[in-house]
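Every chain is numbered from 1 and lettered A, B, ... according to where its sequence line falls, protein lines coming before strand lines. Only a predicted model underlies this, so the values are computations on that prediction, with no experimental measurement involved.
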Amino acid sequence: MIEVLNVRKSFGGNEVLKDVSFRVNDGDVIAILGPSGSGKTTLLRCLSFLETADGGRSVFNGKEYDLHKSSKKDIHEYRKHIGFVFQDYQLFGNKTALENVTEGLIVARRMKKEEAEEKGLRALEKVGMLDKRDFYPSKLSGGQQQRVAIARAMVSEPGVIFFDEPTSALDPELTGEVLDVMRKLAEDGTTMVVVTHEMEFARRVADRVILMEGGVIVEEDSSEVFFTAPKTERAKAFLEGIRGGKV
Amino acid sequence: MNERILQELIESFPKLVMTALKVTIPLTAISFTLGILIALLTALVQIAKIPVLKQLARFYVWIIRGTPMLVQLFVVYFGLPSIGITLSAFPSAIIVLSLSVGAYCSETIRGAIESVPKGQLEASYCVGMTFPQAMMRIIIPQAMTAAFPPLSNSLIGLVKDTSLAYSIAVVEIMAQAQRIAARSYDYFWLYLEAGLVYLIICTLLTWVQRAIERRMERKR
């Protein structure tokens, strides 16, 4: 379980996150929605120490981490509990698909190569990329790269995987394969926090939805309530906008 | 060209090649290896933004790039003895050539490392790597692929720069050609022959560069 408490972050004078708190239970799939610039991505980046928050805490399995000032050692330990899937995949360009997945196990977790490869192959199988195990990222399509990136994030069985708009950089016909993999992960009980614009995914796969705007959470609901009977005017307007946009 | 000159060229060629093998190539190899190590360190302290070391690195690059190598050779070989540091010619040449390679290549390597997307470092962190691990395993290998052609250029440049060591009495190809020519006065032909020996070394290095580039291409 992760409890996120009072995250604040400004860039220059621009306050991107204003006191954001929420909780992620084990096995939860949370979709974070909201217009561009609402702070969704910054939130995930702060929670992974890719940005240093101005304030806030993340309580992970009872241990509290200060998002503003933690020691390198604590950050390093904390990161072993999380997985991160980037919008633009960021597979290691000098490593094959399998090496991308096993690298963290071998280098950071000091696992034996054979054991890591066994796990890596299982992870690649799960995302349907076993046959491309020896391919370098430059030889893979965007959707394939993202599936390898998901395998890389899940292979260490982290407590939570953060997805930062995992399908936004993909051609429309490639988003399906990535969303399918994510749905399978969710069904397996993986704890996931997903920043996304994919409403179908949020509605059908997520347990809960968080709507952000202007650096605050404006509504947090089960996904069923959010999509059928949103409480706030802002959420209604957001859903209106989406539906309007789709026609 | 008459028969006598031809005879002399044929006789002197093995001598020049031997000099290349014994002096020019070791001088190049040692200086380049040391230089690349210096370049990596210089680039890394700038990228990791380590205080003091970063300024020192900048200062070093500024001095070396801003002064002629001939001046540097003279300072080390003829100048340092006046403050009590006496080095023989070959080590002096190695010091100056490595420092020069280090300064120029540090900029090449720094640029190449900065050309690797920042997300690669973030992704390394997110699979649990530390900064040194990410650098050694992910960033630098990719940077080296990008830096390989300009670094090969520097190596080929270095082969020819070793001829400057002539000025501090290292008996390299130029000095050897000079010595042989001094007996027969066939300067024109012997200097051409010295040039040919350099040309052969550089051509071989170009072939090696191409072969390695083809192999790297297949891996990507």
Counting only heavy atoms from other residues, nucleotides and ligands, does the tally under 6.0 Å from NZ of A:K63 exceed 12?
yes
Does the side-chain contact (heavy atoms from CB on, under 4.5 Å) test come out yes or no for B:V127 and A:E103, once each step is laid out?
CA-CA 8 Å; B:V127 299; A:E103 191 69 10; 5.5 Å; no
More than 12 heavy atoms of other groups within 6.0 Å of A:F11 CZ
yes
Most heavy-atom pairs under 4.5 Å with chain B, out of A:F84, A:F92, A:Y89, A:F162, belong to A:F92
If we define contacts as heavy-atom pairs under 4.5 Å, which of A:V155, A:L91, A:I82 has the most with chain B?
A:L91
I'd like to know whether B:S124 forms a side-chain contact (heavy atoms from CB on, under 4.5 Å) with A:V107, so could you lay out the CA-CA distance, the side-chain angles of the two residues, the decisive distance to 0.1 Å, and finally the verdict.
CA-CA 10 Å; B:S124 310; A:V107 179; over 6 Å; no
Highest number of heavy-atom pairs under 4.5 Å with chain B: which of A:R109, A:E77, A:R45?
A:R45
As a quick check of understanding, evaluate side-chain contact (heavy atoms from CB on, under 4.5 Å) for A:K95 and B:I138, giving each step before the final call.
CA-CA 8 Å; A:K95 303 278 173 191; B:I138 306 298; 4.0 Å; yes
Which atoms of B:Q133 are under 4.5 Å from chain A, going by heavy atoms: the side chain, the backbone, both sets, or neither?
side chain
Answer yes or no: are there more than 12 heavy-atom neighbours, outside A:K184 itself, under 6.0 Å from its atom NZ?
yes
With chain B, which of A:Q90, A:H81, A:K72, A:K80 has the greatest number of heavy-atom pairs at distances under 4.5 Å?
A:Q90
Might you point out which heavy atoms bring A:H76 and B:G128 nearest each other, and give the distance in Å?
NE2-O, 2.6 Å
Distance from A:N94 atom CG to B:M144 atom CE, nearest 0.5 Å?
12.5 Å
